[in-house]
Amino acid sequence: MKLKDIVKGIDCEMRGSAEVEVKDLQFDSRKVVKGTLFVAQPGTKVDGHDFIAKAVEAGAVAVVCQHIPENSPEGVTYVVTKDSSRTLGEMAANFYDHPSRSLKLIGITGTNGKTTTVTLLHRMFRMMGHHVGLVSTIVNKIDEKELAASHTTPDSLELNQLLRKMVDAGCNYCFMEVSSHAVVQQRIAGVQFTGAIFSNITHDHLDFHKTMANYIAAKKGFFDGLPSTAWALVNIDDKNGRVMVQNTHAKVSTYGLNQMGDFHCRIIEESFEGMHLDINGKELWCRLVGRFNAYNLMAIYGAAVLSGASEDDVLRLLSTLEPAPGRFQYVSGHGVTAIVDYAHTPDALQNVIETIDAIRRPTQQLITVVGCGGDRDKTKRPEMAQIASEGSDKLVLTSDNPRTEKPESILDDMEAGLSPEQLSHTVRITDRRQAIRTACMMAREGDIILIAGKGHEKYQEVNGVRSHFDDVEEAEKELNAKN
């Protein structure tokens, strides 16, 4: 493709020929080959502008940058733009022939519920007979074919490549998680959404966004960029629901449990096996558990209806859906139930504990195993421990993914949120496998163990090395071995 076609419609200045033939786009100089268009992006740790000479030496025929460095190599075309990250997304859309325009792309943003919502929407639309794509934290899919997921939202190049594969495979829908990082880092620039969902906002990712105001603004940016042809579906019970759509051009609909939105739900009854719900005046039984899942189901219901599905078909299929992996997933043995959940934010942990508390009998004690990830938001650590302690009979603090931090330091931060009385029913065990084993040994028949934080993850990351670790596997092994 010629450079002039790749930069079509993009605000930029050019030094050199627009007729140059481009075979590939890259923002990593190590992946540049002959015929590549290299995009130099400023980053938090390294600046792509420092690698322009290396990219040209490797065969780059054109360079996108925010400024042309002194002593820059000759013999290539320079495309100067105010925001090279945004330009990368717009160029990727041009290069792959705007795949997002050839299917109905529906994104969800929010602190909690993203993975469950897109996973179950994908499953539901497959049951309706559609060819469907999925972009999620757990996995990317084209129909039932799985592709590895490296980020909640792929970079703009990877995203457009993936969407192009979906279109070529005949997909007419794609459901996608949209992280706040992705909005700020322009990973969705140039991508056209048919619909957008907002679940909620609670304390998370402040290591990146620094303040809640920045975090909210990042989420809102997703809705600000929607076209007038799109729809926006927001949780009206969350105080930021209306904030999200203050400046959107999209048609706005609402859902909720407390306030009467366009899509309304009431929980009639719930147990560990599921919930009896009233949705817009019609009753159904579903296999998901907890108030937080009632919100997820309303997002799914609203999105499906807004996408053109009939209400009766959606309600019928909702009753057949099962939880996403690692989301309130439970295993049992010797009369003890272990619940594995991805809850890794204060609000998510609170929701899961409240759900268990609303269902369990007074004679059943709750033992919670929880940790916090390393190299992430430290301010939520004491809050997570406090929530876990207040809602549990016994608490086991342990490692999550320590990454490059010392596990003991993370546990110190968590313990700082506990009173002396709370510490009296708390134990700290750095080794997560041993922590799960200890919780299972503590449990009596009828008790419930909550293993929170990792959910679907199949690894434990320590000092940059990922080793196999699965909370579900560990719980099953210990409960089956329990005397």
Side-chain angles (χ1 to χ4, degrees), residues 104-146 149 152-153 166 171-179 194-200 233-235 253 255-257 263 265 267 270 273-277 279-280 282 284-330 339-343 348 351-352 355 455-456:
K104 292 184 178 180
L105 178 61
I106 295 156
I108 178 169
T109 196
T111 306
N112 304 316
K114 297 188 296 295
T115 300
T116 293
T117 300
V118 295
T119 300
L120 298 187
L121 276 167
H122 175 270
R123 198 174 299 167
M124 176 186 286
F125 275 70
R126 287 287 292 142
M127 288 189 286
M128 290 179 186
H130 295 287
H131 292 291
V132 190
L134 172 69
V135 183
S136 81
T137 303
I138 298 177
V139 69
N140 297 328
K141 280 187 175 184
I142 297 175
D143 286 333
E144 299 307 317
K145 181 182 178 182
E146 295 189 358
T152 304
T153 310
M166 291 177 183
C171 292
N172 51 355
Y173 285 92
C174 176
F175 300 101
M176 171 180 169
E177 292 187 50
V178 178
S179 67
T194 302
I197 307 166
F198 167 73
S199 60
N200 54 31
L233 176 64
V234 298
N235 178 359
S253 296
Y255 70 94
L257 274 67
F263 304 100
C265 176
I267 301 174
E270 60 181 325
E273 285 71 44
M275 294 183 290
H276 183 192
L277 304 176
I279 295 179
N280 279 14
K282 296 183 179 181
L284 77 150
W285 175 263
C286 70
R287 300 179 187 179
L288 276 69
V289 181
R291 188 176 179 85
F292 61 97
N293 267 325
Y295 279 106
N296 293 336
L297 288 168
M298 290 311 300
I300 293 164
Y301 175 76
V305 171
L306 290 170
S307 297
S310 77
E311 293 185 23
D312 288 342
D313 283 347
V314 175
L315 289 170
R316 175 177 57 82
L317 292 172
L318 280 180
S319 66
T320 69
L321 296 177
E322 296 181 353
R327 269 63 176 179
F328 214 89
Q329 183 176 351
Y330 63 93
I339 296 169
V340 175
D341 195 274
Y342 188 53
N351 287 337
V352 173
T355 296
H456 64 281

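Worth saying up front: this structure is predicted, and the values here are computed from it rather than measured.
- One distance of note links CD of E273 with CE of M275; it measures 12.5 Å at 0.5 Å rounding.
- When all heavy atoms of G274 and V289 are compared, the closest pair comes out as N-CG2, 3.8 Å.
- Taking all atoms of both residues into account, the shortest heavy-atom contact from Y295 to G256 is CE2-CA, 4.3 Å.
- When all heavy atoms of S136 and V118 are compared, the closest pair comes out as CB-CG2, 3.9 Å.
- Across K282 and L315, no two heavy atoms sit closer than the pair CD-CD1, 3.6 Å.
- Looking at S199, its side chain does come within 3.5 Å of a backbone N or O of N112 through a donor-acceptor pair.
- Y301 places none of its side-chain heavy atoms less than 4.5 Å from the side chain of Y255.
- In this structure, R123 contributes its side chain and E322 its backbone to a donor-acceptor pair below 3.5 Å.
- Each of T119, V132, D313, L317 was scored for a side-chain contact (heavy atoms from CB on, under 4.5 Å) with M124, with one residue passing: L317.
- Between S307 and F125, the closest heavy-atom pair is CB-CZ, 4.0 Å.
- With R327 as the partner, the side chain to side chain donor-acceptor pair (under 3.5 Å) test is satisfied by one option alone out of N293, N296, T115: T115.
- Side chain of H276 to backbone of C286: no donor-acceptor contact under 3.5 angstrom is found.
- Distance check, rounded to the nearest 0.5 Å: CG of L233 to CD1 of I300 gives 11.0 Å.
- Side chain of N172 to main chain of H130: no donor-acceptor pair is present (N/O by atom type, distance under 3.5 Å, no hydrogens or angles).
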